[in-house]
Amino acid sequence: MSVILLIEQILNGLQFGVMLFLMAAGLTLIFGVMGLINLAHGSLYMVGAFVAAAVAAWSGSFLLALAASLVAAAMFGALIELTVIRRLYARDHLDQVLATFALILIFSEATRWVFGSFPLFLDTPAWLSGTVILPFGIQYSAYRLAIIIVGLVVALGLFLLITRTRVGMRIRAGDSDREMIAALGVDISVLYTLVFALGAALAGLSGALVGAIQSVEVGMGEPVLILAFVVIVIGGIGSIKGALLGAILVGLTDTLGRTLLPVLLSTVMDASAATAVGSALASMLIYILMAGVLLFKPTGLFGTA
Amino acid sequence: MIRERYLNLIILAGLVIVPAYALMVDEPFTITLATKVVILALAGVGLNLALGQGGLVSFGHAAYFGIGGYTMGILASHAQNYTPLMTSPFLIEGTNSMPVIWLVAVVVSALLALLIGALSLRTSGVYFIMVTLAFGQMLYYFAISWPAYGGEDGLSIYVRNQFPGVNTLVPIQFYGLCFAILLIVLFLVDRLNKSPFGLALDGAHQNEERALTVGINVYRLRLVAFVISGAITGLAGALFADLNRFVSPVMFDWHTSGQIMIFIILGGVARLFGPIVGAALYILLEHFLGGLSEYWFIYLGAILLFVVLFAKGGIVGGLSKKEMSHGG
């Protein structure tokens with residue numbers, strides 16, 4: 001295996017990790033501030049992708065499609081927060097899981113009803129469709145590189161928002177003591193809606209960005225949701241830093257495992273068996289990583305409680 | 001409002017009368033639906049032990065359901081093709097004998113639950129939900145990418161497995177077999193819930209610190225409950241595979257875990273007969289709403305949302321006046 005291919009796979013892993021971060025950041029923020037486990041987060045990812053595909057097909061503008069996906073996902077997020085989610089804050093996790101699972105069923109079927117069962121396609125914009133030449137003569141997809149940059153910029157923005165702004169201060173305060181911040185006169189329900197919409201917008205953005213490299217279809221959010229859970233378990237609930245580290249770790253492990261394991265195994269067995277065993281093992285690798293973290297740090301790398 | 005015990009008797013009577021009536025009017029499809037209810041209820045009874053009695057919100061019980069199904073599929077496919085399962089270090093042959101398959105399914109799913117439980121129970125609360133979900137998905141992806149037993153396409157078994165003295169291909173006889181297993185398991189689980197073990201499990205659910213203080217090893221207690229729970233769900237998986245004569249990775253899918261959980265919440269958390277009512281309602285909804293609209297999951301979602309938000313205690317809780325000691 002050549003070094004260039006390896007670097008390309010590392011970049012792919014990074015891109016995957018950055019996408020997972022956008023999902024996991026919202027989930028972990030919502031859990032940290034409101035104590036809510038939200039399975040419907042994957043549906044917001046799907047909403048983002050579908051809205052982006054629809055708007056891109058209608059207007060032809062990729063940037064407009066991205067903006068629309070952000071707004072639509074945030075609006076949907078605020079809508080379900082106001083109607084359903086806020087009734088769940090005081091409930092136990094089982095109720096939260098079941099209610100948000102019910103939301104998935106409703107969202108998925110409603111999307112199938114509106115858009116049909118066939119996947120939609122979202123094209124990468126012309127100005128990002130080629131490859132770029134990186135140092136050492138490595139060619140890499142401009143679009144995937146753009147995703148990595150967008151993801152890292154969002155991560156930085158989120159970090160600044162939470163550590164440097166007034167809203168961020170309230171979010172942190174809500175994270176550490178919900179009753180106290182309400183007693184100090186902060187309108188906690190507005191804050192909750194805001195945080196939920198923020199998380200939803202991140203999920204929607206992530207869905208729209210990925211929509212251009214995969215097909216946009218019903219149920220596309222579910223595998224990503226579960227991977228985002230793995231990320232959170234590894235990184236520690238409520239920690240944005242943990243989400244970033246966990247996401248990149250999971251992204252790299254999964255991508256490199258799928259490429260390297262069959263190659264490594266082919267040194268000890270014949271090629272077709274190595275491919276079969278390698279891909280089966282690679283699909284389990286991130287869960288094994290999660291199990292390893294659980295053995296040593298049950299609360300995740302940056303978790304506290 | 002009636003006592004839960006009488007309600008349970010009515011439920012059992014329903015499980016006898018409906019198939020008997022279907023037999024009289026010669027409606028084998030209704031018997032098949034009833035068989036499905038009984039098997040899915042069994043899976044729910046398994047999960048309810050961990051979730052209801054133990055408060056362990058496992059979102060990965062599809063793992064045991066699936067491994068039970070695949071145990072049946074793998075053993076029966078080897079018997080069907082007359083190929084041994086393995087030859088070294090010792091010979092293992094496939095089989096189409098139900099009792100053997102059940103035993104293997106119970107042991108294999110118990111071992112899997114021991115492994116997953118030992119890791120997952122190191123966490124609690126929302127971590128536990130995510131970790132069990134993740135391990136369930138791990139097996140799903142493994143089943144898809146492992147080519148030996150059909151991969152994504154699944155595995156078909158052409159003839160239903162055999163049970164001594166019963167013609168399992170006759171729907172009512174197979175139903176009787178499944179119903180008998182459900183009754184036995186219900187009896188055992190009821191005894192278990194009322195035993196010191198079950199009471200300690202419930203106690204640890206209500207107040208973990210107090211249970212620890214009186215010297216209960218909560219981790220081990222929960223692990224044992226989790227293993228029994230997984231084994232029951234695994235047995236249900238083996239029966240479900242035999243009902244369909246087909247296994248596929250869908251049995252491992254997290255929607256299956258969600259479904260088993262829905263049976264419990266519809267019927268009533270920690271109610272012995274809750275999963276039966278829940279599974280029956282689910283199958284009825286699937287049958288009638290699914291006939292009305294292609295998009296019946298919307299209605300299922302709406303009903304589930306309503307039950308969770310406004311009708312805690314499910315149907316058994318709503319119909320019987322006996323208060324539970326805890327909200328589940």
Side-chain angles (χ1 to χ4, degrees), chain A residues 27 31 35-37 39 84 87-88 91-110 112-113 117 219 222-223 225-230 232-233 236-237 272 275-288 290-292 294-295 298-300 303 305, chain B residues 51-52 55 57 59 115-116 119-131 133-148 151 253-255 257-259 261-262 264-266 269 293-310 312 327-328:
Chain A
L27 270 176
F31 185 81
L36 176 98
I37 172 168
L39 296 182
V84 177
R87 298 171 198 275
L88 296 169
R91 300 292 195 86
D92 57 21
H93 293 315
L94 175 64
D95 284 356
Q96 298 175 350
V97 162
L98 285 159
T100 52
F101 188 73
L103 285 177
I104 294 185
L105 296 178
I106 295 171
F107 265 102
S108 292
E109 287 304 305
R112 203 192 307 277
W113 186 54
S117 299
E222 296 172 9
L225 173 80
I226 290 157
L227 288 179
F229 280 156
V230 174
I232 292 176
V233 170
I237 293 179
S272 66
T275 312
V277 176
S279 66
L281 278 182
S283 68
M284 299 171 74
L285 213 53
I286 51 167
Y287 304 100
I288 296 169
M290 180 184 82
L294 281 179
L295 274 180
T299 53
Chain B
L51 192 151
V57 185
F59 207 146
L115 188 70
I116 293 181
L119 280 167
S120 313
L121 285 168
R122 292 171 62 85
T123 67
S124 62
V126 71
Y127 273 106
F128 183 79
I129 300 174
M130 295 192 217
V131 170
L133 174 59
F135 280 128
Q137 276 309 96
M138 172 176 90
L139 289 161
Y140 171 70
Y141 288 119
F142 183 74
I144 280 186
S145 52
W146 188 257
D253 189 28
W254 73 297
H255 282 271
S257 298
Q259 235 179 48
M261 218 183 242
I262 291 175
I264 294 178
I265 203 81
L266 286 182
V269 176
S293 160
E294 196 185 331
Y295 306 105
W296 79 280
F297 270 125
I298 292 190
Y299 304 111
L300 176 69
I303 292 169
L304 180 60
L305 202 56
F306 177 82
V307 171
V308 174
L309 290 181
F310 305 111
K312 283 212 82 176

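Because only heavy atoms are used, hydrogens play no part in the values below, and waters and symmetry mates are left out as well, while side chains stay in. As the structure is a prediction and not an experimental result, all values here were calculated from the model. Just so we're on the same page: letters track the sequence lines, and every chain starts at 1.
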### A:Phe107 versus chain B, the contacting section by heavy-atom distance below 4.5 Å
neither
### Query
In terms of heavy-atom proximity below 4.5 Å to chain B, should A:Ile104 be classed as side chain, backbone, both, or neither?
side chain
#### Entry: Closest heavy-atom pair and its distance - A:Glu109, B:Glu294
OE1-O, 4.0 Å
### Query
So what's closer than 4.5 Å to chain B heavy atoms on A:Leu285: side chain, backbone, both or neither?
neither
### Task
Find the distance between CG (B:Leu305) and CG (A:Leu88) and round it off to the nearest 0.5 Å.
8.0 Å
### Task
Go through A:His93 and B:Val57 one step at a time and tell me if the side chain to side chain contact (heavy atoms under 4.5 Å, CB included) criterion holds.
CA-CA 8 Å; A:His93 293 315; B:Val57 185; 5.5 Å; no
## Note on the structure
When rounded to the nearest 0.5 Å, the distance separating CG of B:Leu133 from CD1 of A:Ile37 is 8.0 Å
### Task
Select one option (side chain, backbone, both, neither) describing which atoms of B:Phe59 are under 4.5 Å from chain A's heavy atoms.
side chain
### Query
Side chain, backbone, both or neither: which part of A:Met284 has a non-hydrogen atom closer than 4.5 Å to chain B?
both
### Query
Can you name the nearest heavy-atom pair linking A:Ala102 to B:Leu304, along with the distance?
CB-CD2, 3.7 Å
### Query
What part of B:Val126 is in contact with chain A, defined as an atom under 4.5 angstrom from a non-hydrogen atom: side chain, backbone, both or neither?
both
### Task
Over all heavy atoms of both residues, which pair between B:Val308 and A:Ala99 is shortest? Give the atoms and the distance, please.
CG1-CB, 4.0 Å
### Task
Return yes when atom OH of B:Tyr299 has more than 12 non-hydrogen atoms of other residues, nucleotides or ligands closer than 6.0 Å, and no otherwise.
no
### Query
Do the non-hydrogen side-chain atoms of A:Ser283 and B:Trp146 ever get within less than 4.5 Å of each other?
no
## Note on the structure
Closest non-hydrogen contact found for B:Met130 with A:Phe229 is SD-CD2, 3.3 Å
### Task
Output the option from A:Ile106, A:Leu227, A:Val230 having the highest count of non-hydrogen pairs under 4.5 Å with chain B.
A:Ile106
### Query
At a heavy-atom separation under 4.5 Å, does A:Ile226 approach chain B through its side chain, its backbone, both, or neither?
side chain
### Query
So which heavy atom on B:Tyr141 is nearest to which on A:Pro223, and how close?
OH-CB, 3.4 Å
### Task
State whether the side chain of B:Tyr127 and the backbone N or O of A:Val233 hold a donor-acceptor pair below 3.5 Å, judged by distance alone.
no
### Task
Using a 4.5 Å cut-off on heavy atoms from C-beta on, say whether the side chain of B:Met138 contacts that of A:Met290.
no
#### Entry: Side chain to side chain, B:Met261 and A:Leu94, heavy atoms closer than 4.5 Å
yes
### Message
Counting only non-hydrogen atoms closer than 4.5 Å, does B:Ile129 touch chain A with its backbone (N, CA, C, O), its side chain (CB onward), both, or neither?
### Response
side chain
### Task
Mind listing the closest non-hydrogen atom pair of B:Leu119 and A:Ala291 along with its distance?
CD1-CB, 3.7 Å
### Query
So do the side chains of B:Trp254 and A:Leu225 get within less than 4.5 Å of each other, counting heavy atoms only?
yes
### Task
Give, for atom CZ of A:Phe101 and atom CD1 of B:Ile262, the distance between the pair rounded to the nearest 0.5 Å.
5.0 Å
### Task
Working to the nearest 0.5 Å, report the span between CZ of A:Arg112 and CZ of B:Phe297.
8.5 Å
### Query
Atom CG of A:Leu105 and atom CH2 of B:Trp296: how far apart are they, to the nearest 0.5 Å?
8.5 Å
